[in-house]
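The structure appears right after this line, and notes come after that.
Below, chain A is the first sequence line, B the second, and so on; all start at residue 1. Just so you know, these numbers use all the heavy atoms, side chains as well, and skip hydrogens, waters and symmetry mates. What you are looking at is a predicted structure, and each value in this text was computed from that prediction instead of being measured.
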Amino acid sequence: MYASVVVDVNAKRVDKLFDYEVPAELASIMKVGMRVVVPFGPRKIQGYIIELVDRNHEKALKPILHIQDMTPELNTELIRLSEWMQTTHIAKRIAVLDIMLPRAVKGKYHKVYRLEEPEEVSDELYQLFSQNRVRISSLSADQLAALKPYVEAGVITEDVEVRQQQKVKTQKAVELCDINLDTALEALRSDKQKACLLMLADEGVLTLKELKERDFSAAVVNGLVKKELVRKIDIEDTRDPYQHREFLQDGKKVLRDEQQTAYDEISGAVAAGKNEVFLLHGITGSGKTEVYLQTIADVLDNGQTALMLVPEIALTPQMVERFKARFGDRVAVMHSGLSMGERYDEWRKIRKGEARVCVGARSSVFAPFENLGLIIIDEEHEASYKQEDYPRYHARDIAMWRGEYNSCPVILGSATPSLESYARAEKGVYRLLTLSRRANQFPVPSVNVVNMRDELAAGNRSMFSAELTQAINDRIQKGEQIVLFLNRRGHAQFLLCRDCGHVPNCPNCDISLTYHKVTDELKCHYCGHKEYKPVTCPNCDSEHIREMGVGTQKVEELIYQHFDGAKVIRMDNDTTSRKGAHEQLLDKFRDQEANILLGTQMIAKGLDFPNITLVGVLNADTMLNLPDFRSSERTFQLLTQVAGRAGRADKEGHVIIQTYNPEHYAIQYAKNNDYTGFYKEEMNYRRIGKYPPYYYLVNLIFSHTDMKEVLLESKHIHQTLLHHLSPSSYVLGPAPCAIARINNQYRFQIIIKFKSEPELLQALTYLDDYYYEKFVKNKFNLSIDINPQMLM
DNA sequence: AGCACGCCGACT
DNA sequence: GTCGGCGTGCTC
């Protein structure tokens with residue numbers, strides 16, 4: 001028997017299967033998907049079994065050394081998926097496997113010395129070794145020198161230990177030996193020991209902790225162990241991040257007409273095991289989640305499993321609570337806040353079938369379910385579903401593949417669907433389900449757009465328009481709550497000299513430095529360059545060099561200056577980076593410890609507090625002005641989302657949008673809560689500009705420290721593409737990127753636009769291979785982004 | 001990627 | 001003469 005193995009070496013040249021002999025003693029337990037340790041050239045590394053072949057290989061092969069786990073980490077579906085991703089995403093197989101699996105299973109390598117002949121060394125040296133082995137990295141130079149002659153003599157040998165990053169946590173437990181209970185009980189003299197034995201006979205395995213809780217001390221247990229009536233074993237212990245939380249049981253809610261229709265359609269597909277994609281277009285508060293919950297319940301009743309993806313920032317405790325309340329401990333939750341071990345435990349709960357529902361962020365799309373019956377992607381328009389670094393993938397694409405593989409329905413849910421999805425629904429590729437009314441019958445909040453140019457003309461140079469100022473004061477007085485939203489992008493603080501206009505730039509990148517008040521430093525967000533804030537202008541020596549742009553910190557200060565009785569909770573990257581801080585701040589706001597919540601993107605979702613009656617968007621247009629074809633769509637989505645935060649309870653909600661472009665269609669349609677209006681107009685621009693969903697895009701970015709090199713290669717890339725691709729496709733560029741230099745690398749881009757391009761993958765694979773060699777030789781960098789979320 | 005092999009320069 | 005620089009090539 002031999003096995004085809006993907007080896008844990010992240011390099012293009014070994015991105016293929018290597019065949020190994022399966023030793024006879026492993027043949028019976030060897031399974032596809034297992035991790036193994038194999039010899040690879042002169043080294044020893046971890047690998048994944050992709051295929052097992054039950055006959056001899058033409059060549060003599062090296063043997064697999066040992067297996068890493070008894071239960072395969074990968075199932076057949078994930079192996080097939082990784083194969084598909086390798087070709088369609090132009091990625092290395094091992095890189096794909098690495099993102100699919102929890103980080104904890106990744107191999108860790110330690111060089112060790114093994115003491116082969118203990119009697120040959122001095123006592124002093126012998127002390128160094130525990131169980132006849134010692135890690136080389138733990139030895140000092142002196143110790144290494146002392147060991148050297150023995151290594152040469154073969155008394156001590158060098159070896160590599162392959163282990164996984166994180167061990168499975170175990171607990172000590174006790175179980176009965178294979179004994180006759182009656183005779184054992186008769187022979188025992190201690191009542192405590194008899195009782196203990198009986199309890200074990202009754203309940204099977206008990207942990208030491210459980211025994212202690214029932215008043216059986218270690219002495220009692222040890223007595224029984226000594227008599228060989230029971231034995232100690234290690235059992236797997238799962239870290240449950242929610243173990244100390246009580247969840248209330250929650251039952252089904254009655255569905256309203258539109259919800260019921262949507263539910264009926266989906267559960268029809270679930271029952272039929274049909275791979276159909278539904279686009280659930282439901283406005284905020286229309287009760288999408290209840291539809292999800294009930295369809296998931298059906299899937300579980302069907303004996304199948306269900307996967308639900310939500311954006312990381314929407315994965316709030318409230319959201320988790322709702323799932324736990326409905327499905328109890330059948331739910332696994334995966335988000336970035338988990339430790340490596342916790343994440344691994346959740347993963348294993350799914351793999352072992354203990355968890356049958358998974359709620360998680362992007363990477364949960366790889367959850368190792370068997371028998372998937374339903375996949376849901378909530379807020380499907382969210383850009384965070386696309387992994388922006390290598391290997392780039394979109395969770396939606398992966399979900400589609402898995403839906404097809406498992407022959408199960410996929411639900412895409414959103415209040416503001418991406419244009420791509422809505423267009424497919426219009427064409428009938430997806431089935432459109434609409435929830436147009438709020439489930440709770442509360443009115444949609446009223447929205448006002450304030451023209452900041454008028455404010456400026458009227459002499460108001462502050463961040464707050466007259467209307468917003470009055471509204472805030474009013475709510476503070478009434479004891480109601482306010483959410484203020486600040487678009488972070490484009491509003492970082494930077495320095496500007498009032499005399500000469502100089503802006504300090506990063507020496508390594510073509511971008512201005514961001515001012516950080518806390519440390520009084522200037523930082524580059526792209527290369528990490530840091531410098532102290534200059535006292536005078538480096539260009540003209542003027543003292544009038546000041547911070548420009550408004551960050552959340554600055555706005556917080558302004559609010560306190562501007563409004564009496566304001567109490568602000570600020571949520572941004574600075575205040576929420578600590579683990580659990582996000583949750584704590586929201587709890588404080590819910591408990592009315594503050595009346596104003598000020599934040600960035602992250603407050604646009606998931607908060608659902610009854611007392612919020614005013615939402616203010618301080619700067620609606622910063623996003624609008626980004627040089628990206630999706631900027632209108634993003635703005636529309638964000639504004640609609642933010643507006644949905646107001647007036648959820650019996651108090652009427654009001655939204656004020658401040659902007660310098662009040663007549664812009666994205667803002668106007670958001671104001672009128674008119675998705676289809678926006679969709680139609682935006683589609684028109686996309687058609688004219690040959691952008692998605694009319695055309696597919698590929699973005700190639702290439703960079704090198706030498707500009708000449710980049711220009712030269714850009715011609716080659718351009719030519720290659722023109723040569724390979726059909727005439728109906730467009731190859732645009734090469735042109736300098738929006739940020740033309742990062743970390744001293746000059747960056748250029750080429751954009752491909754196409755409707756149908758059979759040769760595309762072949763051409764891209766060719767370029768990827770060709771430039772891989774160039775990268776190895778002279779650090780020329782090419783990155784390929786298929787279906788990019790951003791063109792910058 | 002990592003490791004060995006191999007072929008040239010500056011040192012005890 | 002040899003230690004060590006890193007270019008080249010291979011890994012079932």
Run the side chain to side chain donor-acceptor pair (under 3.5 Å) test on A:Arg93 and A:Ser82 for me, step by step, so that the C-alpha distance in whole Å, both residues' side-chain angles and the decisive distance to 0.1 Å come before the verdict.
CA-CA 6 Å; A:Arg93 188 80 177 266; A:Ser82 69; 2.8 Å; yes

Please determine, by modelled atom types, if A:Ser384 and A:Glu312 share a side-chain donor-acceptor pair under 3.5 angstrom.
no

Is there side-chain contact between A:Leu513 and A:His529, with at least one heavy-atom pair below 4.5 Å?
yes

Tell me: OH of A:Tyr48 to P of C:dC12, nearest whole Å?
19 Å

If we count only N and O atoms by modelled type, under 3.5 Å, do the side chains of A:Glu420 and A:Asn787 hold a donor and an acceptor together?
no

Once you round it to whole Å, what is the distance between P of C:dG9 and CD of A:Glu773?
11 Å

Close N or O pairs between protein and nucleotides 1-4 of chain B (under 3.5 Å):
| residue | atom | partner | partner atom | Å |
| --- | --- | --- | --- | --- |
| B:dA1 | OP2 | A:Tyr772 | OH | 2.7 |
| B:dA1 | N3 | A:Arg43 | NH2 | 3.0 |
| B:dG2 | O4' | A:Arg43 | NH1 | 3.2 |

CD of A:Glu124: more than 12 outside heavy atoms within 6.0 angstrom?
no

What is the distance, rounded to the nearest whole Å, between atom CG of A:Leu61 and atom C1' of C:dC12?
6 Å

Please produce a list of atom pairs where a protein N or O lies less than 3.5 Å from an N or O of nucleotides 5-8 of chain B.
none

Please enumerate all residues that pass ring-ring contact (aromatic ring centres under 6.0 Å, His included) together with A:Phe780, with sequence neighbours excluded.
A:Tyr771

So salt bridge (charged side-chain N to carboxylate O under 4.0 Å, His left out) across residues 67-81 of chain A, not counting sequence neighbours, yields A:Arg35-A:Asp69, A:Arg35-A:Glu73, A:Glu73-A:Arg351, A:Glu77-A:Arg402, A:Arg80-A:Glu83

In whole Å, I'd like the distance from the CG atom of A:Asn778 to the P atom of C:dG7.
13 Å

Distance-only polar pair, side chains of A:Glu757 and A:Ser726, donor-acceptor under 3.5 Å
yes

Does a donor on one side chain and an acceptor on the other come within less than 3.5 Å for A:Asp15 and A:Tyr772?
no

What residues from residues 78-95 of chain A pass a heavy-atom cutoff of under 4.0 Å to DNA chain C?
none

Can you see if the side chain of A:Lys59 gets near the phosphate of C:dC12 - specifically, an N or O under 4.0 Å from OP1 or OP2?
no

For residues 56-67 of chain A, dump all side-chain donor-acceptor pairs below 3.5 Å to protein atoms at least two apart in sequence or in another chain.
| residue | atom | partner | partner atom | Å |
| --- | --- | --- | --- | --- |
| A:His57 | ND1 | A:Lys59 | N | 3.2 |
| A:His57 | NE2 | A:Asp19 | OD2 | 2.7 |
| A:Lys62 | NZ | A:Gly41 | O | 3.3 |

Would a 4.5 Å heavy-atom cut-off, applied to side chains only, mark A:Lys386 and A:Arg392 as touching?
yes

